[in-house]
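For reference, the structure is listed below as structure tokens.
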Amino acid sequence: MRIPPLRRRQFVRVATAASGAATIGIPRLSDVSAAQPATARRQQDAPNSKMFTHGVASGDPLHDRVIIWTRVTPTPASAPGQNSGPATDVAWEVSEDPAFRHVVRTGTVRTHADRDHTVHIDVDGLRAATTYHYRFHAGGRTSPVGRARTAPAPGSRAGVRFGVASCANYRSGYYTAYQYLAGRRDIDAVLHLGDYIYEQGSEEDDVRIPAPTHECVSLADYRARYGQCRADPDLRALHAAAPFIATWDDHEICGNTWSGGAGDHDPATEGHWADRAAAAKQAYFEWMPVRQALTGSTRRRLHFGQLLDLTMLDLRSFRSEQVAPTDTAGMGDPSRTLLGRSQMAWLKDGLTRSSSTWHLIGSSVVAMPWLLPTGRPEPATSVNTDGWDGYQAEQRELFAHLRDHGIGNAVILSGDVHSSWVGQVTAHDNKNPLASQFVVSSITSPTLGSINSSVTASAVLAVNPQISWGDVASNGCGVLDVTTDRVQFDWYKTADRTQPDSPVTHVTSYAVAVRSGRLTTVPTPV
């Protein structure tokens, strides 16, 4: 949400001053409001050797397959980004029970330094809507056990429940919202909407010191940053508890990324943009359990039975450079693109062809019109041109497609803006709802309200009648529950991101009923 050449905090200051139902059979905890104690997690980690320092992960579940992931550290010199250490054979196994009495799939792969000793296995031949457990063996050591669940079978309308997260800056605080989601045990998968890592270097107000302490530019830098984040016990616990379905935003590469550069990239001191972007993307695909449908992109679509299609967009690889919030002509210029023409065609075609009850769209940046009050008589509002509002021709194109093709039951999920919102997507010239928009706040990154105390939820709501509720003061996460009758989003907040094991509590819930297009408050979370 930044405008070049300003960094995120500077932009927000300038812009605001000048401008239910059951899931698919997963057991639940009796008390889902209490986070799992970190001491218990660390005790569970203790028996595992440093061979598997970064734990295990899974991702992109389909009805018959899921990716499983780990990283090995065969020697002390094989730390992330060191490009050192011997090639290592890693055995893997997948079982229907956590004691591995009913192993259904096994194999062995070799990993080496040129892929940072990471391991990705796309395990096929699995049963739909089934919970599996997996682990790895290397050098006489055994990894922690991970848990993954396959998607419902084609034609199924069984409910699905997701954790939702965004914007996890390691140096800004502790991952207690991840800890909360890991402890629930009723999450089928986690939707991560971007800024899984931050590339920034250390600053005076750091809660935790990033590694490396300088800004990430090289492949070694990005690998080291992923390694630090993935050694965190809360993130390890969440990856072990449920598969991730992730897309990137800008900070996985560089602040304010666009296809040909970034607002925070300085070629004079940080080298060629193409080299930096390639390094960042290589590290991402090494460390994240993502299935690439399009090489070098996080664009893909997953199906959860007949209930929902989930479209994950890549809104950084193909976009035109951002314009200033005063550049009205630039914002409306039809030659500028956010998605790239190929991705826009793919998105529209998928929406048109789908026969699923719900259409979920993972958009790292906010899609609905979203204005920021300036606090001055003229101009009254400012636009976040890093979001869809900065690319209004394509914004209107998507909205028109939803309207003209009668595509109901679309739900857009976003993060990026370090605040929570729920609203209805409407065309710029029409008040009729075309889709619902749910926005999740940041896991740890400073909130919109903490960056500038003059920004209040009430002031934003006053200039955005399409938005029903907002919170600019809380970090946290979300839970998205999808059934044939409705989609419900529950917002959770972390009491204090600067404290480990800080309480995580429910804030509010909203739902949209099938074929209604109207948002309603819900008194209790799922």
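- Of the possible polar contacts, one joining the S516 side chain to the A513 backbone as a donor-acceptor pair under 3.5 Å is found.
- For the pair R185 (side chain) and G183 (backbone), a donor-acceptor distance under 3.5 Å is absent.
- A donor-acceptor contact closer than 3.5 angstrom is absent between the side chains of S441 and N475.
- Take R301 and apply the salt bridge (Lys or Arg N to Asp or Glu O under 4.0 Å) test, not counting sequence neighbours, and it matches no residue.
- Every residue was checked against the salt bridge (Lys or Arg N to Asp or Glu O under 4.0 Å) condition with R336, not counting sequence neighbours, and none meets it.
- Take R518 and apply the salt bridge (Lys or Arg N to Asp or Glu O under 4.0 Å) test, not counting sequence neighbours, and it matches no residue.
- Between R157 and D485 there is no salt bridge, since no side-chain nitrogen of the basic residue lies less than 4.0 Å from a carboxylate oxygen of the acidic one.
- With sequence neighbours excluded, the residues satisfying salt bridge (Lys or Arg N to Asp or Glu O under 4.0 Å) with R341 are E394, E397.
- Side chains of D471 and S420: no donor on one and acceptor on the other come within 3.5 Å.
- The number of heavy atoms from other shown groups lying within 6.0 Å of NZ (K281) is above 12.
- Taken to the nearest 0.5 Å, the CD1 atom of I443 stands 16.0 Å off from the OH atom of Y174.
- A salt bridge links R486 with D481; the closest basic N to acidic carboxylate O contact falls under 4.0 Å.
- Among pairs with a residue in residues 306-325, none fulfils ring-ring contact (aromatic ring centres under 6.0 Å, His included), at least two apart in sequence or across chains.
- A salt bridge links R319 to D386: at least one charged side-chain nitrogen sits closer than 4.0 Å to a carboxylate oxygen.
- Note: H192 and Y196 have perpendicular aromatic rings, judged against thresholds of 30 and 60 degrees for the angle between ring planes.
- Using cut-offs of 30° and 60° on the angle between ring planes, the pair W69 and H120 is perpendicular.
- The CG atom of D327 sits 8.5 Å away from the OG1 atom of T385 when rounded to the nearest 0.5 Å.
- The salt bridge (charged side-chain N to carboxylate O under 4.0 Å, His left out) pairs that include a residue from residues 287-297 are D122-R291, where partners are two or more places apart or lie in different chains.
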